[in-house]
Amino acid sequence: MRLLGGGLLAVSGMLWGLDRARGLARRTERLRELLNFMQFLRTEIAYSAYPLGQLLAMGQNLFSQAAVKRPRFEEDPVAALAEAGRALLPWAKDRVMFQGFVQGLGASDTQGQLEHLTLYMTLTESSLKEAREEMVQKRRLYLALGTFAGIAACILIL
């Protein structure tokens, strides 16, 4: 029975490491989605004269769809997009960047919007590069750390 409990401790440590590694991959995927969303907005703003609410309703990406589902979307699409970003980006650094991005939407003319999008696309690309590097570096670390912590707990109990 003790052996089974020790084995379960080792496996639970490994599962913790896998969960942390999956969180790093999820951050990378969300930043990639955000970059695609910004590219969509930049293209649509450059070639159409639709208001932001209509652009978000046309979008087929994660951020557009999440914003459209918010209850306040019809009254204030910018606030709905900010709420969607808070829900989709649980990492504080990414949320702060996204909130800055959302605050500038619709605040200037077309050229100003394109420059704003270009700036935040550059910032997002930088964050995405950082997230990819972090994922490569820490994925194995989390898995090994979780496994070794589980084995250490197993040894202490046995």
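The first residue of the sequence shown is numbered 1, and numbering continues consecutively from there.
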Exercise. Can you tell me how far OG of Ser127 sits from CZ of Arg30, rounded to the nearest 0.5 angstrom?
Worked result: 15.5 Å

Problem set entry | Criterion side-chain contact (heavy atoms from CB on, under 4.5 Å) on Thr118 and Glu115, from CA distance to verdict | CA-CA 5 Å; Thr118 301; Glu115 290 171 4; 5.6 Å; no

Seminar exercise, completed: Closest non-hydrogen atoms of Val102 and Ala82, given as atom of the first, atom of the second and distance, are CG1-CB, 3.9 Å

Exercise. What's the spacing between Leu31 CG and Glu130 CD if we round to 0.5 Å?
Worked result: 9.0 Å

Exercise. Is the Phe98 to Phe63 ring centre distance short of 6.0 Å?
Worked result: yes

Problem set entry | Value rounded to 0.5 Å, distance of CH2 in Trp91 from CZ in Arg95 | 10.0 Å

Seminar exercise, completed: Of all heavy-atom pairs linking Ala80 and Ala67, the shortest is CB-O, 3.6 Å

Problem set entry | side-chain contact (heavy atoms from CB on, under 4.5 Å) between Leu41 and Leu117, worked out | CA-CA 8 Å; Leu41 285 179; Leu117 282 161; 4.1 Å; yes

Problem set entry | CD on Gln103 to CG on Leu81, rounded to 0.5 Å | 11.5 Å

Problem set entry | Closest approach of Ala79 to Arg72 (non-hydrogen atoms, all atoms of both residues) | CB-NH2, 3.1 Å

Exercise. Please walk me through it: do Leu35 and Gln39 pass side-chain contact (heavy atoms from CB on, under 4.5 Å)?
Worked result: CA-CA 6 Å; Leu35 197 56; Gln39 180 64 45; over 6 Å; no

Exercise. Are Leu89 and Leu119 connected, step by step, through hydrophobic side chains (Ile, Leu, Val, Met, Phe, Trp, Tyr) whose heavy atoms are closer than 4.5 Å?
Worked result: yes

Problem set entry | Within one Ile-Leu-Val-Met-Phe-Trp-Tyr cluster: Val96 and Val78, side-chain cutoff 4.5 Å | no

For this session: Give, for atom CZ of Phe37 and atom OG of Ser64, the distance between the pair rounded to the nearest 0.5 Å.
Result: 4.5 Å

For this session: Compare every heavy atom of Arg70 with every heavy atom of Ala87, then report the nearest pair and how far apart it is.
Result: CB-NH2, 3.1 Å

For this session: For the pair His116 and Phe101, name the ring-plane relationship: parallel under 30°, tilted 30 to 60°, perpendicular over 60°.
Result: parallel

Problem set entry | Whether Glu33 side chain and Asn61 backbone form a donor-acceptor pair below 3.5 Å | no

Exercise. How far apart are the C-alpha atoms of Ser48 and Leu55, what are their side-chain angles, what is the distance that settles it, and do they pass the side-chain contact (heavy atoms from CB on, under 4.5 Å) test?
Worked result: CA-CA 9 Å; Ser48 69; Leu55 289 178; 4.0 Å; yes

For this session: Dump the intermediate steps for salt bridge (charged side-chain N to carboxylate O under 4.0 Å, His left out) on Glu134 and Arg27, then the final yes or no.
Result: CA-CA 10 Å; Glu134 184 179 17; Arg27 178 177 183 229; 3.2 Å; yes

For this session: Evaluate salt bridge (charged side-chain N to carboxylate O under 4.0 Å, His left out) for Glu29 paired with Arg32, printing each intermediate quantity in order.
Result: CA-CA 5 Å; Glu29 182 60 34; Arg32 193 175 312 123; 2.5 Å; yes

Exercise. Out of curiosity, Glu133 CD to Thr28 OG1, how far, rounded to the nearest 0.5 Å?
Worked result: 10.5 Å

For this session: Kindly indicate whether the side chain of Arg139, heavy atoms from C-beta on, has any atom under 4.5 Å from the side chain of Arg20.
Result: no

